Engineer: 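Input: one structure, supplied below.
Note that the structure is a prediction, hence the values are computed from the model and not measured. Proteins come first, then strands; the chains are lettered A, B, ... in the order of their sequence lines, and each starts at number 1.
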Amino acid sequence: MTGLDELYREVILDHYRNPRKQGTLSGEHVHAEGSNPSCGDEFFLDVAVTDGVVTDAAMRGQGCSISQASGSMMMDIIVGRTVEDVRDLTHKFKLMMSIEEGDNPVDPERPGSVLGDLEALQGVRKFPVRIKCADLPWATLTDALDQTTA
Amino acid sequence: MTGLDELYREVILDHYRNPRKQGTLSGEHVHAEGSNPSCGDEFFLDVAVTDGVVTDAAMRGQGCSISQASGSMMMDIIVGRTVEDVRDLTHKFKLMMSIEEGDNPVDPERPGSVLGDLEALQGVRKFPVRIKCADLPWATLTDALDQTTA
Amino acid sequence: MTDLRALRADFPILEREVNGHQLVYLDSAATTQKPQSVLDAMDDYYRFHNANVHRGAHTLAVEATEMYEGARAKVAGFIGAETDQLVFTRGTTTALNYIAYGWGLNHLKAGDKILVTVMEHHANLVPWQLISRYTGAELVYLELNDDLTVDVSSLDQILTDDIAIIAFSGMSNVTGALGPIDVLTDAARSVGAISVLDGAQLVPHTPVDVTELGVDFLAFSAHKMLGPTGIGALWGRAERLEEMEPTEGGGEMINTVDRHSSTWAPVPHKFEAGTPPIAEAVGFGAAVDYLDAVGMDVIAAHEGELTAIALERLSEIPDLTIYGPKDITKRGGAVSFELGDVHPHDIATILDQDGIAVRAGHHCAKPLMKYLNIPATARASFYLYNVPEEVDALVESLHKARKLFGLT
Amino acid sequence: MTDLRALRADFPILEREVNGHQLVYLDSAATTQKPQSVLDAMDDYYRFHNANVHRGAHTLAVEATEMYEGARAKVAGFIGAETDQLVFTRGTTTALNYIAYGWGLNHLKAGDKILVTVMEHHANLVPWQLISRYTGAELVYLELNDDLTVDVSSLDQILTDDIAIIAFSGMSNVTGALGPIDVLTDAARSVGAISVLDGAQLVPHTPVDVTELGVDFLAFSAHKMLGPTGIGALWGRAERLEEMEPTEGGGEMINTVDRHSSTWAPVPHKFEAGTPPIAEAVGFGAAVDYLDAVGMDVIAAHEGELTAIALERLSEIPDLTIYGPKDITKRGGAVSFELGDVHPHDIATILDQDGIAVRAGHHCAKPLMKYLNIPATARASFYLYNVPEEVDALVESLHKARKLFGLT
Ligand SMILES: Cc1ncc(COP(=O)(O)O)c(C=O)c1O
Ligand SMILES: Cc1ncc(COP(=O)(O)O)c(C=O)c1O
C-alpha cells in the first residue's frame with residue numbers, strides 16, 4: 001500500500017477536507033471553469049489581477065481528493081505572485097506531474113520554482129489516470145490568466 | 001464440372017436466350033412485380049384470368065439465366081390451366097426446389113403434378129443461393145394470382 | 001447459491017492479475033467479459049468465412065450471409081421475437097437514436113410530449129432532446145420514490161393525449177432499480193403513445209420475452225451480455241418498424257435508387273445501411289447461445305443471491321450509503337454507494353490497488369445525480385461469473401479506504 | 001512486380017479451399033481479408049484488457065481507453081490527420097450519414113444544391129437524398145466521360161453559389177475510375193461549398209494525406225483495409241467538425257445533461273455516443289500498422305501492376321467488355337466486366353466452382369448501372385495479397401463460362 005499512502009498524504013486530505021479560499025470574488029476579476037467529463041470533476045475559479053499581480057483568488061467546484069487538494073494548494077500559492085511567476089509555477093508543476101516535458105527550463109532562482117505543499121502531489125504520478133485530476137485547477141487557472149492578457 | 005453442367009442445361013440456356021411470352025397484356029389482367037434486391041434481378045408479370053382459368057400471360061424483366069429460364073418455362077406451363085392447378089404446380093415446383101416443405105401433398109393425378117421442362121431446374125438445388133433466382137417468377141406469380149381472388 | 005463457479009474457466013480475462021491481485025471484475029454493468037466461445041466464433045468467422053454479406057454469389061459471401069442472418073435468428077429467438085423484427089445496430093445508443101430519428105422525426109409535432117423517468121441513462125434522454133429540437137416536442141419526467149424506484153403515482157395527471165412516446169429503462173444502471181415496465185406500457189397504450197424500453201441492463205440479466213412485454217420497441221447491447229463491442233439490437237413490433245423511416249441511407253437498405261429518390265428494402269434491412277458488423281453479429285449469436293445454455297433464469301437467480309449478499313455486507317460498513325432499492329425483488333445487480341466523504345473516484349483508485357474493478361462517476365445519468373444531489377457514486381455490478389468471495393474482497397478493500405481517509 | 005507474395009502467409013483464410021480449389025479471393029472491394037496480427041490484436045484486447053472506455057478509474061478501463069485512443073492516433077496518423085479530428089464510426093456509410101445529418105440538417109436550406117457524380121456508391125447518394133427531403137435541397141449530377149471517369153467539362157455551368165456540398169468518391173467501386181479530387185475540391189472552395197470525399201475505395205489502396213487534399217471531410221471503412229467489420233472513420237477539418245451537430249445522442253458525447261437540454265463534449269467525442277466499437281478500433285489500429293509496415297506506395301504499385309495484367313489478359317477474352325478506364329493512371333484495381341450474354345450472376349457461380357470469388361450485381365451503384373444501361377456487372381478486385389496466378393485462374397475460368405454458355 002505504499003503507493004496509496006503516498007497518494008493520500010495527510011496534507012492532501014487536509015486540503016481536500018478544508019479547501020482554502022472557497023467562494024467567489026466580488027471586485028474586478030476574471031473567471032474560468034474547468035471540468036473533467038470522464039469523472040465529473042468541476043472547478044470554478046475567480047482570479048483578481050492588478051498590475052500583473054494576482055491579488056486575490058477564489059474557487060468552487062467538486063471532485064475527488066486530488067483535484068480538490070490540488071486546487072486548494074494552488075489557491076495558497078498563487079495569491080501575491082506576479083502573473084509571470086504564476087505561469088512559471090504552473091509550468092514547474094506540470095513538469096513535476098509529467099504533464100509537460102522539458103529540460104527544467106524554469107530558472108531555479110525564480111519564486112515560481114518553489115512548489116511547497118504541492119510537492120505532496122508527486123505521489124499522483126504513479127496513478128496516471130489521476131494526473132488529470134491534479135491538473136484540472138491548473139488548466140483552469142491558465143484559462144483565467146489568458147483572459148487577463150487579452 | 002458436373003454440377004455446372006447440370007445447372008446450365010441446354011433447355012435452360014434455350015429459355016434464357018429465347019424467353020417465351022415476352023411483353024405485356026392489353027386486355028383485362030392482373031400485374032405483379034418481383035425483384036431480388038441482392039442480385040438485382042427483376043420480373044414483371046401480367047396474367048389474364050377468366051372464370052378461374054389462366055387464359056394468357058406475359059413477362060418482362062431482366063436477370064440471370066436461372067430466373068429468366070424459370071420465368072419462361074413458367075409462361076409455357078401456366079396458360080390454359082385453372083388457377084387451382086397453377087397453385088398446385090407452384091407448390092410442386094417449390095417442393096422440388098426445397099423452397100417449401102411437405103410430404104408430397106400434391107395429388108399425382110392432378111395436372112399440376114407434371115412439371116415438364118421445369119424439372120431441368122433441379123440442378124439449381126446444388127447451388128442454394130441460386131434457388132431464389134429460380135423462385136422469383138413463381139413468387140411474382142403468387143402475388144399476381146392473389147389479386148384475382150381478392 | 002447456484003454454483004456457476006465452473007463457468008469462470010470460460011472467461012480467459014478472469015485469470016489476469018491487476019496490481020498483483022487476481023482480477024475481481026465488478027464492472028459488468030459497463031461492459032461484460034467474453035467467454036472463449038464468443039472469441040472463437042469471431043475468429044472462426046474471420047479465418048474461414050469472411051466476406052461481405054447479401055451481395056455475393058460466391059461461397060464465402062453465402063457463408064458469411066448465412067452466419068450473419070443466422071445470428072439474427074439467434075438473437076431474435078433469445079428475446080422471443082420474429083427474426084425479421086430484429087435490427088442489428090451499433091448498440092443500445094444507436095438503437096434508441098434510430099427510434100428517435102426514424103419514428104420521432106416523422107411522427108412528432110410541436111406540443112407532443114415524450115415521457116421519460118429521472119433514472120434514465122443519457123442514451124435514453126439525449127436522443128429525445130435532440131429530436132425535440134427538430135420537432136418542438138417536449139420531455140416530461142417521472143420522479144422517483146424514496147427507494148429510488150420510479151414513482152408512478154402521478155401518472156394519472158401526467159397522462160394526456162399529448163404524450164406520444166414513453167421511453168424508460170428496464171433496469172437502472174446506477175441504482176439497479178427495475179423499471180415499472182407493465183405500468184408504463186399500459187399507460188402508453190391507453191393514450192396511443194408508443195413505448196420504448198431501454199433494455200441495456202435488463203436483457204443481459206433476466207429472461208425477456210417480447211411477446212409477453214407490451215412494449216413497441218426494445219433496445220439492447222451485445223457487449224453487456226458476453227458479446228463483442230460494436231453491435232446491439234433494436235427490436236420493434238412489425239407495424240412500428242414499418243412506420244419508421246430509415247435514419248441511415250446507403251447500400252443494402254434500398255430497393256431501388258434513382259437519381260433523386262429511392263425506395264427501401266423490407267424491414268429489417270431498411271435499417272441496416274452499408275456493411276453491417278458481421279463478425280460482431282456472429283459473436284453476438286455465440287453470446288446468446290452461451291447465455292441460453294446456462295439459462296437466463298439460472299443467471300437471474302445467481303445474480304439475485306449475489307446482490308443480496310452484497311447489499312447485506314455493504315450495509316455493515318460504517319459511513320456507507322447505498323443508493324437504490326434494498327428490496328431484492330425491485331432491483332438487479334448494479335449497486336451504487338457512497339463511503340463517507342471519500343470521493344468515488346478515490347474509492348475506485350483504492351480498490352483498483354487490490355485488483356478490484358468498480359466504476360466511479362455519474363454513470364451517464366446526470367439528471368439522476370442531480371436528483372440525488374450528488375456528483376457521483378461508486379458502483380459494483382455483478383454477472384454470472386462473479387462469486388461471493390469477490391464481494392468479500394470488495395468489502396475488505398472498502399475498509400482499507402476508510403482507514404486511508406481516516407474515517408473512524 | 002513488387003513481390004508481396006510472402007505476406008500471403010499472414011492471411012489465414014487464403015489457405016482455405018472452396019469447392020475443392022484453393023481460394024482465389026478477388027472481392028476485396030467488397031471487404032478485405034484480415035492478417036493474423038489484426039485478429040491477434042482484438043483477441044489480446046478481449047483476453048487481457050476488455051473494459052468500457054473513458055468512464056473508469058480501474059486498470060482495465062485505463063488500458064482499454066489507452067488502446068482505443070491509441071488506435072485513434074494510429075488511424076489519424078495513417079491519413080496525416082490530427083488525432084482529435086478523427087471520429088470513429090461504424091463505417092463509411094455511417095460517416096457519410098453523419099455529415100449529411102450533422103452538417104446538412106443544420107446548414108442546408110431549400111434551393112441549395114448538392115453536387116454528386118453518377119458513379120457514386122449508394123452510401124454517397126441516399127444520405128443526401130434523405131437530407132434533401134428534410135431541407136428542400138436538391139441533388140445535381142456530374143455525368144461521365146467515355147472512359148467512365150467523371151466529366152468535369154460542364155462544371156463551369158453547374159457551379160453556382162447554390163451549391164452547398166460537393167460529395168464524390170475517390171475511386172469508383174465499380175469501374176475503378178479515380179475521382180477528380182483536386183478539381184472538385186477547388187470547385188467547392190470557389191463557391192464556398194463543403195467538399196466530402198468518399199474514401200472507401202481510396203484510402204485502402206493509395207497513400208492519402210489529408211493535409212495535401214483540400215477536402216473538408218473524408219470517410220472510410222476499416223473492413224476494406226484489412227481491419228475488422230463494425231468500424232470506420234470520419235475525418236473532418238477542425239472548423240467543419242465544430243460546425244457539425246452530433247447526430248447520435250447518448251453517453252460519452254456530452255458535457256452536461258440537464259433535463260431539457262445538454263451540451264456536447266469536444267470533438268471528436270461529441271460524435272461518439274455510447275459505447276464505441278472498442279475491440280474494432282484496436283483491430284483497425286493493427287490494420288493500419290500492417291499497411292504502414294508494408295508501405296502504401298508499395299501496395300499501390302503492386303495493385304497497379306496486377307491491374308495492368310488483369311486488364312490486358314481480360315481484353316484478350318472474346319465477348320468480354322470491361323467497364324472503366326483502360327489507362328492505368330486513371331484507375332484503381334476494381335475491374336468490372338461483362339461476358340457476352342452470360343449474366344454476371346452466372347459468371348460468379350461458374351467462377352465460384354473454381355474457388356474464385358468475384359462479385360456480381362449492381363455494386364450499390366444503381367444510377368451508374370442505369371447510366372451504363374446494364375443491370376449488373378461482374379467485378380474482380382485486388383489487394384496486396386493477390387498474385388498474378390490468380391489473374392490466370394480468373395481468365396481460365398472465364399473461358400469455361402464461355403464454353404458452358406456456348407459462346408464461340
Ligand atoms: C465507394 C464506396 N463507398 C461507400 C461504401 C460503403 O462502405 P461501408 O459498407 O463499409 O459503409 C463502399 C463499400 O461498399 C464503397 O465501395
Ligand atoms: C441503462 C443503459 N442504457 C443505455 C446504455 C447505453 O448502451 P451502449 O453504450 O452500449 O450504447 C447503457 C450502458 O452504458 C445503460 O446502462
Engineer: Please check this pair: side chain of D:Lys34 against backbone of D:Leu226, looking for a donor-acceptor N/O pair closer than 3.5 Å.
Structural biologist: no
Engineer: Is it the case that the side chain of D:His363 and the backbone of D:Thr377 share a donor-acceptor pair, with hydrogens and angles ignored and the cut-off at 3.5 Å?
Structural biologist: yes
Engineer: Using distance only, find each side-chain donor-acceptor pair of residues 53-63 of chain B under 3.5 Å and give its atom names and separation, not counting sequence neighbours.
Structural biologist:
| residue | atom | partner | partner atom | Å |
| --- | --- | --- | --- | --- |
| B:Thr55 | OG1 | B:Ala48 | O | 3.2 |
| B:Arg60 | NE | B:Gly23 | O | 3.2 |
| B:Gln62 | NE2 | B:Gly40 | O | 2.9 |

Engineer: Work out which heavy atom in D:Arg331 is nearest to a heavy atom in D:Gly324; give both atom names and the distance.
Structural biologist: NH1-C, 3.9 Å
Engineer: Tell me, yes or no, whether the heavy-atom count around D:Glu396 atom CD, taken from other residues, nucleotides or ligands under 6.0 Å, exceeds 12.
Structural biologist: no
Engineer: Taking the side chain as every heavy atom from C-beta outward, state whether D:Ile99 and D:Trp128 have any pair of such atoms under 4.5 Å apart.
Structural biologist: yes
Engineer: Determine which residues belonging to residues 10-20 of chain B lie within contact range of chain D, meaning some heavy atom pair is under 4.5 Å apart, and list them by number or answer 'none'.
Structural biologist: B:Leu13, B:Tyr16, B:Arg17
